[in-house]
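Numbering of ligands and ligand atoms starts at 1, following listing order.
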Amino acid sequence: MMRSGYDDDLRLAHVIADQVDSLTMSRFKALDLAVETKPDTTPVSDADRSAEQMIRSQLSRTRPRDAVHGEEMGDTGHGPRQWVVDPIDGTKNFVRGVPVWATLIALLDAGEPVLGVVSAPALGRRWWAAKGSGAWTGRSLSSATRLHVSGVGRLADASLSYSSLSGWEERGRLEHFLRLTRSVWRTRAYGDFWSHVMVAEGSVDLSCEPELALHDMAALVPIVTEAGGRFTSVQGEPGPYGGSALVSNGKLHDAALQILDPLLED
Ligand code: IPD
Ligand code: CA
Ligand code: CA
């Protein structure tokens, strides 16, 4: 395993992910799972809230000086180091018993995503990266395989994953997105975090989402970039702050941006 300045943080994120996996798996498909609708009309379950609570209490014990930003609870702390948490990415899958959901844990240092762990226990998969030490998948830090993006260089040969057509339609971007789907070899909506980690492991070549928040993206950025890929918004802004995601193996990025970003149109 390659070393980085964030090795201790990465070890901690794995320990936390192990604990959260036990909690979320105990609530997955539970007959008494309580599901509510949030003000933004999206669902949240008792598992989302307890998972975030568990991550926050571990961080406040082990990293008391760090700030925390999570999807379901208010921000805490100040300073350059901020943990960013999506306790369950793919809640709509979780509440229907579909195994494509994950806990996303990221660390930002002065705003830069330097560590990401994506743990998907119902798929039996975990992906992680820290700045300068590569992107990996496996059961644990000591039993891992390095991730590399694909070498596909032409859109006509590319596999594209996304979440839904309705997201693009609601934002008036469906035509642009459909144009991209027509220019690639294959599309499949693996959905949520899965689309993007599949780019990191080279199983797909491109993924995109028209609207995402910081907590949806922060953990994915180091995993994609350390695997050799590129992570921007659909307007080409690098990193997790552009409100949307275009993820690629690097080679296909400019060609996909050209199709998705209306400002780049002739
Ligand atoms: C959702 C996922 C999904 C995206 C939605 C998000 P959640 O997160 O990230 O891919 O299309 O906009 O809300 O609510 O399941 O954590
Ligand atoms: Ca999410
Ligand atoms: Ca979530």
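The heavy atom nearest to atom 11 (O) of ligand 1, considering only E209, E211, M217, E72, is found in E209.
At least one heavy atom of I88 sits less than 4.0 Å from an atom of ligand 1. Taking a 4.0 Å cut-off on heavy atoms, S163 registers as neighbouring ligand 1. The shell of residues lying under 4.0 angstrom from ligand 1, judged by heavy atoms, excludes H215.
Closest N/O/S atom of D89 to the Ca ion (ligand 2): OD1. The name of the N, O or S atom in D86 nearest to the Ca ion (ligand 2) is OD2. As for D216, its N/O/S atom nearest the Ca ion (ligand 2) is the one called OD1.
The proximity of D216 to ligand 1, defined as any non-hydrogen pair under 4.0 Å, is limited to the side chain. At a 4.0 Å heavy-atom cut-off, ligand 1 does not touch T42 at all.
Taking the Ca ion (ligand 3) as the corner point, the angle from E71 atom OE1 to I88 atom O is about 160° (rounded to 10 degrees).
Taking the six-membered ring for Trp, W101 and F28 have ring centres closer than 6.0 Å.
Within ligand 1, counting atoms from 1 as listed, the ones closer than 4.0 Å to a heavy atom of D192 are 2 (C), 3 (C), 10 (O).
Residue side and main chain included, D192 places no N/O/S atom under 3.0 Å of the Ca ion (ligand 2).
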